[in-house]
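Read through the structure below, which is laid out as structure tokens, and then see the notes.
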Amino acid sequence: MMPDPRLDELRNLILKAKHAYYYSGAPIMSDAEYDALEDQLRLLAPEDPVLALVGAPVSGAAMLTKARHAIPMGSQSKVNAEEEFRQWHLKAGGGALHASLKADGASAAAYYREGRLVQAISRGDGTLGEDITANALRFQGLPAWAGTPEGGFTGAVRFEVILTLENWSRVDPQGRKNPRNAGNGIMGRKHGHQSDLLTSYAFDLDETRAGQPVRFATEGDKAQRLAALGFNLIPQQRCAEGDAAVAYFQQVARSRDQVPFWIDGIVLKVDDLATQQALGDTAGRPKGQIAWKFDSAGAETVLEGILVSGGHTGALIPVAQLRPVTLGGTTVSSATLGNFDEITRLDLALGDKVWVIKANDITPKIIRVTDRPPERQPIPVPSTCPFCGGSVRRKVTTGGEAGAILGCRNLACPQKSIGKIARWIKSLDILGIGDAVLNALVERFAIEDAWISIASVTRRRPWPH
Ligand SMILES: [Zn+2]
């Protein structure tokens, strides 16, 4: 079979994003975009090896010492809709479920011997992580000594590390990073600075008593044991059947703004541990557990048009005009596309139904086409500048190659001039010359149309009417 270039591109994007996220401190995309890419790859190639990579690829450049997990840390498959949840629940036996909030943080494991925390390791790739013991000793909710009057705890505890919104505002008052990335940054520091601002929520344990593994009957029993040992537990409850889990999800989705930290869904586990173990796993993802993520960050709508924006560099950027749709409480009517290659990659045409996402930290973005009606109209790639009619070509990247962005070659392109004037005036930073003055200037010279519809240029009729 021929290699599918779409798959290569998806894989590369995912790996690049992973690397940027964990090592550069400068993520190249939002979490939601990343999830969407994984979704696409899963749709095209469910068995792709890239999907089995969990967390950070371990790099020699990282500051902290590497450490190996005694018990590998897996991850969970996810669903986004009630129908998908119902299908999973059916396959998982249809029994009682243990449900909890899904914190949007970073997971790690702590190892205890006779009550004492001896080592904490970030998840890393699930097998090899970073030794974060010095930091973990200062986390809220993670006891340095864990036990009951009967004795100290021996075993492993897995937990999520989060930065509450309150502490986020103290650490990062300008909100330059989101709480997840800010928390990860603190957790990855070498000398524990600000680690006391991080909170841990335990979600799983393996316990050994007298050299023998302790058998728990249910997830609920495990949670009770964790609480008795002194660990912080995330809000959770038992759901006797599927309907109760759906109700729990809906209640959490409605009240998510009242949770004092970022959550992105709920976690559901088959409560009965014997059943859960019997279900087994696929590529480190237990079949008896699932993350049900909020889909309020996504909605279906129709692509009604494309506008091209032009700036001082001559770059021609397509912007999707959408049938207005409510997304996470706001009305969305346009979405970024980045460049014309993106339109080709998505196989996007006017009239298509599209799935749009808008996470906490990004502008709306089309991530896939959900329906391609027969009357769809292709979106032409401009062969001339929609502002001046000049010739266009791909702009050269800093690496010296033809990039994905189209640019107008006409040095006298009026759109470039407008962009330059706007930039220059803004750069003056003179009191009183703000947007109002700029707008008045642009209006005075009748060049207010900084956005121009490509449809009106390359087609005779606007579409749709
Ligand atoms: Zn031009």
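Side-chain atoms are counted along with the backbone in the values below, which use heavy atoms only and exclude waters and symmetry mates. First listed ligand is number 1; within each ligand, the first listed atom is number 1.
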Worksheet item: Taking only residues at least two apart or on different chains, which pairs with a member in residues 383-397 satisfy salt bridge (Lys or Arg N to Asp or Glu O under 4.0 Å)?
Response: Asp341-Arg394
Worksheet item: Just by distance, do the side chain of Asn232 and the backbone of Ser200 share a donor-acceptor pair under 3.5 Å?
Response: yes
Worksheet item: Which residues satisfy the salt bridge (Lys or Arg N to Asp or Glu O under 4.0 Å) test with Asp281, sequence neighbours excluded?
Response: none
Worksheet item: Centroid-to-centroid, Phe261 to Tyr201, below 6.0 Å?
Response: yes
Practice prompt. Name all residues meeting the ring-ring contact (aromatic ring centres under 6.0 Å, His included) criterion together with Phe203; count only those two or more places apart in sequence or in a different chain, and write none if there are none.
Written response: none
Discussion item. At a cut-off of 2.8 Å, what protein N/O/S atoms sit near the Zn ion (ligand 1)?
Written reply: Cys385 SG, Cys388 SG, Cys408 SG, Cys413 SG
Practice prompt. May I ask you to check whether over 12 heavy atoms, not counting those of Arg372, lie within 6.0 Å of atom CZ?
Written response: yes
